Amino acid sequence: MGRAQHGEDRSSSRRQSPTRRAVQLAGVALLVLPLTTGCSVDEVLRFGWPVGITPQAESMRQLWTWSAIAALVVGAITWGAMFWAVAFHRKRKGDDSVPRQTQYNLPLEITFTVIPTIIVAVLFAFTVNVQNYVDIDAPDPDLRVDVTAFQWNWEFNYPDATTPDGNPVSTLGTSETIPLLVLPTQRRIEFSQRSNDVIHSFFVPEFLFKRDVFPMPEVNDQDNVWQIDSIDREGAFVGRCAELCGTYHAMMNFEVRALSPALFDQWLGLRQQVNPDTGAPYTAGEALQRLGCGQLCTPEAYTTYPFNTDRTARSASQPVTSGS
C-alpha cells in the first residue's frame with residue numbers, strides 16, 4: 001500500500017508540474033521582458049504614450065498610465081480565473097458524467113454587474129477631471145497668441161506687441177517659408193484661433209492634442225480659446241494641420257520654437273524694432289538670427305521644410321540644402 005501511495009504522489013506531482021512550470025515561465029517573462037527591450041522604467045510606465053512638453057500632456061499621460069494599469073489588473077484577474085478553471089476543473093478522461101450546473105446565482109450576477117459599473121464610473125470621473133484641466137482657461141495669461149489658418153498655411157499674431165508701424169507683431173507662412181511660432185518656456189500661453197476658409201486643425205504632436213480651427217467660431221458655437229500652463233523645455237517642434245483641408249493640406253506645416261523666457265523677451269523686443277539692414281521691422285527669422293543662440297536661433301525651420309507646390313513635378317519634395 002505504501003508503494004501504491006508513493007506512486008500516486010509521483011503521479012500527482014507529474015500532473016501539477018506543467019501548471020507550475022507555466023506559472024514560473026510567466027513570472028520570468030514578466031521580469032525579463034522590460035530588461036530585454038532596453039526600456040527604462042519611465043518608458044514602460046508610459047505604455048507607448050508619447051513624451052509631451054506641457055503639464056497638460058503629463059496629466060493625460062498619467063490618466064493613460066493608470067488606465068492601462070487598471071486594465072492589466074482586471075485582465076490578470078480574468079486570465080487567472082480562466083486558467084485556474086482550465087487547470088483544476090477540466091474533465092478527466094473517461095468521465096462522461098454531466099458537470100454540475102450552476103445558474104441564477106444572484107450574488108455572483110450582482111458582483112459581475114456592480115464591479116464593472118464601479119470601474120467605468122471611476123475611469124469616467126478621472127477622465128472628466130483631466131479633460132476639465134486640459135480645457136481650463138485661467139485669467140491673465142502671460143502671453144496671448146492669435147492663430148489664423150488658411151489654405152494652405154498659418155499666420156501667428158502677438159496682439160499685445162506692436163511693430164513700429166502700429167500693427168501687431170505677426171509671422172506669416174508662405175509656400176516658400178515655414179512659419180515660426182516662437183514661444184517662451186515656463187509661461188502660461190493663451191491661443192485664440194480661427195480659419196479664413198475651411199476647417200483646419202492645429203496640431204503640435206508634443207502638446208498631445210489637436211484643436212480644430214473653425215471659420216467664424218462665434219457662428220459655429222466653438223470655444224476657440226485654449227491655454228497651456230507652460231512649455232517645459234526649450235526646443236524646436238514641428239506643427240501640422242491635422243484636418244484634410246484641400247489640395248496642399250500636406251504642406252501646411254509650421255514650427256514651434258520654444259525659447260527661455262529671457263531669450264523670448266529679447267526676441268519679442270527685436271520684433272518691435274526696425275531692422276537697420278532692411279529698413280523694415282524684424283521678421284521672426286531675422287530676430288532669431290540676431291540673438292545668436294545656436295541652433296535654437298536658426299532663422300529658418302529645421303524640423304520641417306516647404307513642399308513643392310508644382311503639380312507637374314514628378315519627384316518627391318526634398319529639404320532645401322545650403323548648396324541649392
Side-chain angles (χ1 to χ4, degrees), residues 50-58 141-148 153-165 167-191 202-208 227-240 251-307 318-324:
V51 178
I53 59 173
T54 68
Q56 282 83 355
E58 176 60 19
D142 298 313
L143 177 69
R144 293 191 300 134
V145 178
D146 293 338
V147 177
T148 303
N153 224 301
W154 303 87
E155 182 178 10
F156 306 117
N157 291 330
Y158 302 80
D160 297 326
T162 57
T163 60
D165 54 13
N167 295 318
V169 170
S170 175
T171 300
L172 178 65
T174 67
S175 298
E176 294 76 30
T177 305
I178 296 292
L180 300 176
L181 175 55
V182 182
L183 300 174
T185 61
Q186 309 307 322
R187 287 183 181 172
R188 175 177 286 275
I189 305 169
E190 179 177 281
F191 299 88
F202 182 93
F203 178 40
V204 179
E206 283 76 10
F207 287 1
L208 299 189
Q227 296 181 355
I228 55 175
D229 282 348
S230 67
I231 297 176
D232 296 334
R233 59 185 173 87
E234 292 183 317
F237 311 99
V238 66
R240 309 183 187 280
M251 64 166 286
M252 204 169 154
N253 293 348
F254 61 95
E255 181 175 281
V256 172
R257 196 73 62 85
L259 305 178
S260 67
L263 277 176
F264 175 80
D265 289 342
Q266 294 178 46
W267 177 84
L268 194 58
L270 286 171
R271 292 298 313 272
Q272 300 175 72
Q273 300 175 24
V274 172
N275 185 344
D277 297 330
T278 63
Y282 279 94
T283 66
E286 290 170 350
L288 284 170
Q289 194 170 31
R290 178 70 180 272
L291 291 179
C293 60
Q295 188 178 34
L296 273 180
C297 288
T298 303
E300 297 178 349
Y302 59 87
T303 62
T304 183
Y305 53 90
F307 284 70
Q318 298 293 333
V320 178
T321 61
S322 58
S324 61

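Just so we're clear, the structure is a prediction, and the values are computed from it rather than from any experiment. Note that these values count all heavy atoms, side chains included, but never hydrogens, waters or copies made by symmetry.
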- Task: Check whether any side-chain N or O of Arg257 sits under 3.5 Å from a backbone N or O of Pro299 as a donor-acceptor pair, and report yes or no.
- Result: no

- Message: Could you report the tightest heavy-atom contact between Gln272 and Val169, atom names first, then the distance?
- Response: CG-CG2, 3.9 Å

- Message: Does either side chain, that of Thr303 or that of Glu255, offer a donor lying less than 3.5 Å from an acceptor on the other one?
- Response: yes

- Message: Please give me the minimum heavy-atom distance between Pro184 and Leu143, naming the atom from each residue.
- Response: CD-CD2, 3.5 Å

- Do the rings of Trp154 and Phe202 sit parallel, tilted or perpendicular, given the 30° and 60° boundaries? perpendicular

- Query: Would you find a donor on one side and an acceptor on the other, under 3.5 Å apart, between the side chain of Glu286 and the backbone of Thr283?
  - Reply: yes

- Nearest-0.5 Å distance that lies between atom CZ in Arg240 and atom CG in Asn253: 5.0 Å

- Pair listing, disulfide (SG to SG under 2.5 Å) test, anchored in residues 257-299, at least two apart: Cys293-Cys297

- Task: Walk me through it: do Gln186 and Asp142 pass the test side chain to side chain contact (heavy atoms under 4.5 Å, CB included)?
- Result: CA-CA 10 Å; Gln186 309 307 322; Asp142 298 313; over 6 Å; no

- Query: To the nearest 0.5 Å, what is the distance between CD1 (Ile178) and CZ (Phe307)?
  - Reply: 7.5 Å

- Message: Checking Glu176 now: which residues fulfil side chain to side chain contact (heavy atoms under 4.5 Å, CB included) with it, not counting sequence neighbours?
- Response: Thr174

- Message: Restricting to side chain to side chain contact (heavy atoms under 4.5 Å, CB included), what partner residues turn up for Ala280, sequence neighbours left out?
- Response: Thr278

- Task: Kindly determine whether Leu288 and Val182 satisfy side chain to side chain contact (heavy atoms under 4.5 Å, CB included), including the steps that lead there.
- Result: CA-CA 9 Å; Leu288 284 170; Val182 182; 4.3 Å; yes

- Which pair of non-hydrogen atoms, one from Gln227 and one from Glu190, has the smallest distance, and what is that distance? NE2-OE1, 2.8 Å

- Mind checking ring pair (Phe, Tyr, Trp, His ring centres under 6.0 Å) for Tyr158 and listing every partner two or more places apart, or none if nothing turns up? Trp267

- Message: Pair Leu270, Leu291 - check side chain to side chain contact (heavy atoms under 4.5 Å, CB included), show working.
- Response: CA-CA 9 Å; Leu270 286 171; Leu291 291 179; 4.0 Å; yes

- Measure the spacing between CG of Leu181 and CZ of Phe237 and express it to the nearest 0.5 Å. 11.5 Å

- Item | By side chain to side chain donor-acceptor pair (under 3.5 Å) - contacts of Asp146 (at least two apart) | none

- Item | Contacts of Glu155 that satisfy side chain to side chain contact (heavy atoms under 4.5 Å, CB included) - sequence neighbours left out | Thr148, Phe150, Asn157, Ser170, Leu172

- Item | Approximate separation, where rounding is to 0.5 Å, of Ile53 CD1 and Asp232 CG | 7.5 Å

- With side chains defined as the heavy atoms from C-beta onward, is the minimum distance between Thr185 and Ser230 less than 4.5 Å? no

- Item | Residue pairs, two or more places apart or on separate chains, that pass salt bridge (Lys or Arg N to Asp or Glu O under 4.0 Å) and touch residues 267-277 | none

- Item | Listed partners of Glu58 passing salt bridge (Lys or Arg N to Asp or Glu O under 4.0 Å), at least two apart | Arg61

- Query: Where do Ala236 and Leu296 come nearest, in terms of heavy atoms and distance?
  - Reply: N-CD2, 4.3 Å

- Query: Which word best sums up how the rings of Phe156 and Phe254 line up, parallel for under 30°, tilted for 30 to 60°, or perpendicular for over 60°?
  - Reply: perpendicular

- Please round to the nearest 0.5 Å and tell me the distance separating atom CD of Gln266 and atom OG of Ser260. 8.0 Å

- Query: Among all residues two or more places apart in sequence or in another chain, which pass the salt bridge (Lys or Arg N to Asp or Glu O under 4.0 Å) test with Asp160?
  - Reply: Arg144

- Item | Over 12 non-hydrogen atoms of neighbours within 6.0 angstrom of CD in Glu300 | no

- Closest non-hydrogen atoms of Ile228 and Gln56, given as atom of the first, atom of the second and distance, are CA-NE2, 3.6 Å

- Which heavy-atom pair separates Val145 from Ile189 by the least distance, and what is that distance? CG2-CG2, 4.2 Å

- Check salt bridge (Lys or Arg N to Asp or Glu O under 4.0 Å) between Asp229 and all other residues, then give those that pass, not counting sequence neighbours. Arg188

- Asp265: salt bridge (Lys or Arg N to Asp or Glu O under 4.0 Å) partners, not counting sequence neighbours: Arg187

- side chain to side chain contact (heavy atoms under 4.5 Å, CB included) partners of Pro276, counting only residues at least two apart: Tyr282

